[in-house]
Structure formats: structure tokens, C-alpha cells
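All values derive from a computational prediction rather than experimental measurement.
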Amino acid sequence: MKKSGIFFMLLGLVLFLLTACNQETASDEEGETSIFGEGIEGATELTFWTFQELHTTFFADAVNRWNEEYPDRPITLRAETYPYDNMHNNLLLALQSGKGAPDIVDIELGRFPNYLQGEPQLEPMNEYVEPVIDTFVESRFNIYAKDGVYYGLPTHVGATVIYYNKEITDAAGVDIDAIDTWDDFVEAGKQVVANTDAAMITLETDDYWSYWPLIKQRGSDFFDENGEVILDNQINIDTLQFMHDLVYVHEIAELTPGGGHHAEEYFGYMNDGGAASVVMPMWYMGRFTDYMEDLKGKIEIRPLPRWEDGGNRSAGAGGTGTVVTNQSEHTELAKEFLAYAKLSEEGNIALWKVLGFDPPRWDVWDSPEIMEDNKFYQYFNDDIFEILLDIREEIDSIHITEKNPLVQQQLTTNVLNNVLRQQSQAAEEALKQAADEIRNQ
Amino acid sequence: MEPASMPKQANVPLRKKRKRNLFFSKKVAPYVFVSPFVLSFLLLFFYPLLNGVIMSFQSILPGQTAFIGFSNYERVFNPTFYRALYNTSVYVLLTTILLVCVPIALACLLNSRMMKLSSVFRAALFVPALTSVIVAGVVFRLMFGESELSLANHLIGFFGIEPVGWRYGAVSGMFLMVILASWRWIGVNIVYFMAGLSNIPGELYEAAEIDGAGVLQKFYHITLPLLKPVTIYVVTLTVINGFRMYEESFVFWENSSPGNIGLTVVGYIYQQGFQMNNMGFGSAVGVVLMGIIFTISIIQLKFFGALKKE
């Protein structure tokens with residue numbers, strides 16, 4: 001009797017402690033809310049959802065500028081950040097059921113096609129997009145459009161570049177400016193592996209940023225311009241085979257620790273000088289400055305090596321389309337604010353200054369504000385935008401269809417894993433199998 | 001007027017009485033008591049279930065919902081579904097064995113008079129059940145990281161075993177899910193079995209001891225048979241929970257595991273319904289899963305003789 005008394009007391013204590021802990025974590029999982037432009041009389045409140053906390057800082061900046069410029073129509077923005085899946089699923093259900101959606105929301109490219117199926121529950125932005133589209137990298141609007149109606153406003157160009165750890169390449173005696181083609185890259189890689197402890201490059205298996213930009217660079221894609229599956233064409237097979245060979249034939253590449261370039265394991269590995277380079281889009285800069293602080297001043301950005309003479313040196317990859325939903329009570333205001341935030345020159349300069357993104361409006365790329373010193377110039381090389389202007393014509397548009405989520409699924413579960421990690425399938429076999437599965441859906 | 005008002009007056013207390021009778025009547029009371037359950041069941045289970053069945057015959061898109069007959073069901077039985085079903089079945093089998101055998105043994109140990117500090121152990125073993133799977137999963141994921149510095153790889157390193165990429169192999173992946181589930185649920189099952197043990201009269205053991213029975217004999221001939229009702233309950237619960245499992249897989253791989261080694265049936269529903277925006281198809285998989293769980297539970301209860309009238 002006495003024993004069980006102690007038992008229940010202990011249990012009670014533990015329960016109490018744990019519920020206290022659980023409450024804290026519960027609120028974390030529900031997402032974080034910040035309110036911008038608070039305390040202005042007569043301000044209209046708009047809600048904004050995002051899956052990437054960094055993006056809220058950009059909107060905080062936009063709200064401040066808007067409220068200064070239009071004091072007669074002030075805005076309070078309630079920004080809520082949720083985990084990636086959580087946010088996209090909640091939004092899907094809210095739009096499906098007709099209740100609970102925010103005014104403005106960030107939708108990631110990989111999921112965007114889901115929201116264009118059926119009758120899109122999003123507001124057309126054509127009246128704001130059409131007047132300025134000539135000054136933008138136009139392809140960035142087409143990926144968020146359906147039947148000529150533009151729904152999403154782009155956040156960046158997503159130009160893919162290569163980030164070299166100059167400390168390692170210098171130690172290996174490699175001149176990164178002499179690397180012009182992927183063949184040069186392989187030779188340089190052998191030198192790095194021979195002279196240092198680091199690998200030349202890491203390849204993702206849980207995500208597709210090591211693969212998609214490379215096939216796009218060679219003019220291929222998952223779908224052609226008519227939406228037909230070309231995932232298993234020769235270029236894609238050769239590219240995947242090339243990645244395989246980097247690891248197992250040339251032995252200069254490693255599979256990314258943690259599976260992808262957004263894994264905690266990778267940040268630690270790269271920060272400790274694990275690899276001499278990484279291929280990622282420009283928007284990855286923010287991850288370097290925030291998660292790999294020890295590499296400050298050591299990372300140099302360069303265009304991708306070419307596949308052949310005169311070939312492209314970059315490709316657009318990834319993206320976030322910000323939309324206004326049809327459930328907004330202040331549709332016109334929300335649309336106008338969103339256009340102000342993302343289509344104006346100041347907005348595009350802020351995309352660079354606040355987030356380190358390559359703004360989709362290219363006529364600001366050589367403006368003086370862009371050239372002002374900031375944390376990205378301090379971390380990386382100074383000629384980032386000169387490189388960007390140089391490769392502007394070489395950034396091809398990706399083709400997005402409603403089956404893109406399916407491709408992502410196939411690549412990250414089967415193809416990349418079977419070919420690169422398990423080596424249980426040849427590149428051709430794996431891609432053919434995945435392509436057939438996508439065609440049959 | 002007088003005579004007419006007389007019965008009315010007499011009527012009032014009678015009606016009151018009947019009202020009170022109705023409230024206190026033995027016939028009505030049970031319904032009143034079960035009504036919260038029935039209502040919540042109808043609202044929270046039956047309505048969604050019915051809707052799920054209807055949705056499984058539809059193609060659902062905003063503004064374009066249409067009935068499409070059996071075409072969702074025609075696509076259900078594909079290799080990915082079988083892979084998910086296979087994973088789930090293996091998981092159910094392993095967790096059922098582990099979560100019955102280990103807790104029985106531990107419960108007997110904790111119940112024995114020889115055990116010192118048993119209340120501390122009881123509490124300690126129950127603690128994992130109170131943590132959130134997500135929190136525990138993050139810790140497990142770090143413990144079983146692929147680098148040679150992770151706890152698990154460090155430990156097996158002492159035995160000269162090479163570091164393992166735990167999250168990338170089919171066997172080690174299943175091991176991760178089972179170990180996480182076992183770690184969490186063993187404590188709960190111990191509590192069930194201890195309750196069962198405390199209901200076994202001590203005289204039985206005394207009598208057996210007089211007859212010269214050893215520890216193992218007592219366990220096989222007294223403890224196990226008398227724990228049968230609890231065991232049936234625990235097995236049923238573990239099987240159903242196993243088929244519904246999703247979090248244990250989610251914490252290790254989120255939504256896409258290499259080669260689908262971590263894909264469960266519920267994970268497949270989630271993937272198809274939300275990630276691919278294919279809610280009709282997801283519902284169809286859900287209906288099939290419900291059929292499977294129902295069939296297995298019936299077979300299992302029949303097998304244990306739980307459906308027979310005593």
C-alpha cells in the first residue's frame with residue numbers, strides 16, 4: 001500500500017513536469033506568430049502564412065515601407081510561420097473547404113501545382129503583373145500561372161551557382177577560375193581529394209537540388225513544354241550516371257550527410273570543411289550566413305561549369321510563389337500590398353538586402369542600392385551581381401505540371417537513393433521505371 | 001367548473017412524478033449514461049467515416065468534385081501500396097511480439113518481492129509514454145545518425161562494427177521504428193499487466209508451491225493463463241495501433257523514405273491525400289485499411305475465443 005503510494009506520487013510529479021514541457025513544445029509546433037505594423041489607428045489587419053521564417057523579415061520590411069508611403073491606408077500584417085508540410089496541408093484543406101485561409105500566403109514551387117488543380121482558389125494578379133513583366137525574368141511568372149492567369153508572385157530567380165570553399169581549393173592547389181567545364185571540375189576534384197581530407201562536392205539523395213539544375217542546364221527537364229514526361233531521356237540518364245561516377249568512379253564526391261543540403265548533419269559537416277564545393281541556387285546564401293558561420297570569407301560564388309563549349313552556366317531552380325487567396329476580406333488591398341512588396345523596384349532591392357535572394361526584377365541588378373555593402377558581400381565575394389548579369393541569358397525556364405509533386409516523390413524515394421546510395425539500379429533502369437510510374441498516374 | 005378543476009389539481013403532482021420517474025427510471029438511465037459516448041462516436045467517428053467512404057468514390061478538387069465510381073479503388077492495389085502494407089505488417093508483427101513478451105516479463109519482475117526499488121522502476125518505465133513522439137523521434141534520429149560519432153555507431157564501434165547508415169537500409173529502418181515504438185509503449189503495457197497480476201489470487205501460487213512447482217511452472221500454469229484477458233486486450237490494441245502507425249515513420253524520414261522503407265499505409269494515405277492532392281484516392285486507401293484492420297481484429301478475437309459467450 002505504502003509502496004503504491006510512492007509510485008503514484010512519483011507518477012503524478014512526472015506527469016506534471018511532462019505536461020508542462022509538452023505545453024511548451026505544443027505551442028512550438030503550432031507555429032510562430034509575429035505582428036508587423038502594430039498600433040496604427042484604423043489599420044487593416046491582413047494575415048500571412050509562410051513555411052520559411054526568413055520570409056517574414058522581408059514582409060516586415062515591406063509593411064513598414066507601405067505604412068510610410070500610404071499613411072491613409074495602413075496595414076497590420078499578422079505573419080504566421082508553420083512547418084513546410086503543415087502549412088501546405090492546412091492551406092489545401094482551407095481552400096478546399098472554403099474556410100480558414102489567410103489573405104496572403106507563400107506556396108513553395110514543389111507544391112504549387114496542387115493549388116492550380118480544379119478551379120484555383122487564388123486571386124489573379126494579371127493587372128499588376130502585366131505592366132511590369134518586361135523588367136522581370138519572365139519565366140518566373142509562368143511557373144505560377146494557369147491558362148494565362150498569373151496567380152503567384154516570385155521571390156527569386158533561383159539561379160543555380162557553385163559555392164567553392166576557397167580555403168580547401170587553395171590548399172589543394174586548384175584555381176577555381178580555371179574550371180570551365182565539368183571535365184575540368186573532375187580533374188580539379190581529383191587534385192582536391194589527393195591533397196586534402198575533403199571531398200570535392202556533395203550530392204543530395206533526399207532532395208533534388210543536385211540533379212534538377214544540372215539537367216536543366218543541359219536543356220532537359222522532367223517534362224517538355226507540352227507537359228509530356230521526359231524524365232527518362234538520354235540527357236537525364238547521362239547526367240545521373242555522371243553523378244554516380246563522381247562518387248564511385250572518380251571518387252571525388254560524397255553523398256550529402258543527412259541526405260540533403262538542408263540537414264543539420266550537413267551544416268556541421270560543411271562548416272568543418274567537409275567538402276570543397278556545393279551546387280545550390282543563389283537563395284542558398286542565407287543558409288551559409290545563418291548556419292555555417294565559420295566559413296565566412298572563405299566561400300566564393302562562381303557560375304556552374306559548362307557541359308560543352310558555349311553551354312549554359314546556370315539554371316533556375318526552386319521558388320516560392322506568394323498569392324492572395326479568394327477568402328480574403330480585403331482582396332484589393334491585399335493584392336495591392338503584395339504587388340507593392342514583390343513587384344516594385346524597392347521590393348526587389350529588399351529581396352536582396354533582407355534575404356540575400358537574387359531578385360527576379362533584373363533592372364535593379366546594377367542599381368547602387370544593390371551594390372551597397374551588406375552581410376552577404378562580407379561573407380561571399382563582391383561580384384555576385386556581375387556574375388548574375390553575366391549568366392542572365394543562360395537561365396532557362398523550368399516546366400511545371402500538376403505531376404511535379406509526383407516527380408519529386410519518385411526521385412527522392414527511389415531514383416536517387418537506388419542509383420547513388422544503394423547502387424541497386426542503373427541510372428537508365430531507375431529513371432525509366434520512375435517515368436513509367438508517372439505516366440501511368 | 002369545480003369538478004373539472006379537481007382532476008387537474010390532482011394531475012399536477014402526478015405529471016411531476018412521472019417526469020421524475022422518467023428521469024430516474026432504470027430503463028432510461030443507461031441511455032443517458034451512454035449518450036455522451038454515442039453522441040461523440042456519431043459526430044467524431046461515424047460522420048467522418050461515412051464521409052470518407054463517400055469521398056473514396058469521388059475525385060475531389062475545388063469547385064470540381066465528381067463521382068467517378070470505382071476508379072480510385074482500381075488504382076489502390078499498386079506496388080507502392082503493397083510495399084506500405086508489407087512494412088506495416090512487419091511492424092505490427094514485431095511490435096506485437098515485443099510489446100507483449102517484454103512487458104509481461106518486466107511486470108512479473110516488478111511484481112516480485114525480491115525486487116528492490118520497484119516503485120522507482122515502475123515510474124521510470126512509464127515516463128517514455130508521456131513524451132511526444134516527435135520530441136523523442138528527434139532524439140532518436142540524432143542517436144542513430146549516420147556519422148561515426150553518433151551514439152549508436154559509437155557503441156557498435158566498441159565491438160568493431162563499421163558505422164551503419166541507420167536511416168537508409170530496409171532492415172535498420174524497420175529496427176528504428178520498432179525500437180522507438182517499443183521504447184514508448186512498454187511502460188503502458190507493463191501497467192496493464194501489473195493490474196492483471198494483482199488480480200491473480202496469491203493462494204494459487206501458495207498451493208502450487210506446496211505441490212512443488214518451480215518458478216517457470218508457476219509462470220506457465222498460473223500467471224499466463226490468468227493474464228489471458230489482459231493479453232487479448234493488449235494484443236488487440238497493439239495490432240490496431242500498429243496498423244494506424246504513422247508518427248514513428250514520420251520522425252525519421254518525414255514524407256519520403258529511401259526506397260519507401262519507412263512508408264506505412266497511413267503514411268501512404270497522407271502522401272496521396274495531401275502531398276499529391278488526391279483526397280479521393282487517399283480515402284479509398286483508408287477504406288481498404290479499415291477493412292484490413294476489421295478483418296484481422298475479428299480473426300484474432302475469434303482465435304482467442306473472446307467472442308464466445310461465457
Side-chain angles (χ1 to χ4, degrees), chain A residues 3-11 13-15 17-19 21-22 25-26 29 84-85 88-89 92-93 95-98 110-111 113-115 117-121 205-207 255 257-259 264-265 268-269 402-403 405-406 408-409 411-414 416-418 421-422 424 437 440-441, chain B residues 59-66 75 78-80 83 110 117-124 126-132 134-135 138 141-142 145-147 149-150 165 167-170 191 194 198 250 253-263 270-279 281:
Chain A
K3 257 190 180 169
S4 67
I6 297 172
F7 171 61
F8 282 114
M9 268 170 64
L10 265 174
L11 200 68
L13 182 74
V14 168
L15 259 174
L17 284 174
L18 281 171
T19 42
C21 299
N22 271 345
T25 50
E29 278 164 33
Y84 180 89
D85 258 312
H88 286 96
N89 296 342
L92 200 63
L93 293 179
L95 292 179
Q96 179 80 50
S97 62
R111 291 291 182 86
N114 283 343
Y115 303 89
Q117 288 180 14
E119 291 162 18
Q121 308 289 300
T205 54
D206 289 4
D207 218 332
L255 300 180
E264 287 293 328
E265 289 98 324
Y269 163 94
E402 59 186 46
K403 285 179 174 174
L406 208 58
Q408 185 174 12
Q409 184 71 34
L411 284 177
T412 56
T413 53
N414 296 327
L416 296 176
N417 185 61
N418 290 355
R421 195 176 287 273
Q422 313 288 357
S424 58
E437 196 138 326
N440 290 336
Q441 282 274 332
Chain B
S59 144
I60 298 160
L61 291 173
Q64 292 180 356
T65 299
R75 289 192 294 133
N78 62 53
T80 316
R83 174 79 217 197
L110 288 175
L117 290 174
S118 75
S119 59
V120 175
F121 284 117
R122 280 186 235 183
F126 192 74
V127 169
L130 304 170
T131 50
S132 120
I134 305 298
V135 175
V138 171
R141 207 186 138 159
L142 292 175
E146 68 214 75
S147 91
L149 297 172
S150 73
R167 281 170 56 242
Y168 298 104
V191 171
M194 296 232 310
S198 66
F250 182 85
W253 298 281
E254 304 204 346
N255 297 308
S256 62
S257 53
N260 285 327
I261 53 169
L263 187 69
Y270 178 86
Q271 182 195 92
Q272 291 296 319
F274 297 129
Q275 280 187 295
M276 308 292 165
N277 196 15
N278 220 334
M279 290 187 206
F281 183 72

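Using a 4.5 Å cut-off between heavy atoms, B:Ser59 does not touch chain A at all. If you measure heavy-atom distances from A:Gln117 to chain B, the contacts under 4.5 Å come from both the backbone and the side chain. Proximity to chain B is absent for every atom of A:Glu402, based on heavy atoms less than 4.5 angstrom apart. With a threshold of 4.5 angstrom between heavy atoms, B:Leu263 does not approach chain A through any atom at all.
In this structure, A:Leu255 CG and B:Glu146 CD are separated by 9.0 Å, a value rounded to the nearest 0.5 Å. Expressed to the nearest 0.5 Å, how far CG of A:Leu95 lies from CG of B:Asn277 amounts to 10.0 Å. If you take CZ on B:Arg83 and CG on A:Asn414, they are separated by 9.5 Å, rounding to the nearest 0.5 Å.
More than 12 heavy atoms of other residues, nucleotides or ligands sit less than 6.0 Å from atom OH of A:Tyr84.
Comparing B:Gly262, B:Pro258, B:Ser257 by heavy-atom pairs within less than 4.5 Å of chain A, the highest count is held by B:Pro258. The choice from A:Leu406, A:Leu416, A:Asn440 that makes the most heavy-atom pairs within less than 4.5 Å of chain B is A:Leu406.
Residues B:Phe274 and A:Leu93 meet the side-chain proximity criterion, which asks for heavy atoms closer than 4.5 Å. Looking at A:Asn89 and B:Tyr270, their side chains come closer than 4.5 Å, going by heavy atoms from C-beta outward. The shortest distance between side-chain heavy atoms of B:Leu142 and A:Glu264 does not fall below 4.5 Å. Taking 4.5 Å as the limit, every side-chain heavy atom of A:Gln409 sits out of range of all side-chain heavy atoms of B:Gln272. Residues A:Gln422 and B:Tyr168 are in side-chain contact: their nearest non-hydrogen atoms beyond the backbone lie under 4.5 Å apart. Between B:Gln275 and A:Asp85, some side-chain heavy-atom pair lies under the 4.5 Å cut-off.
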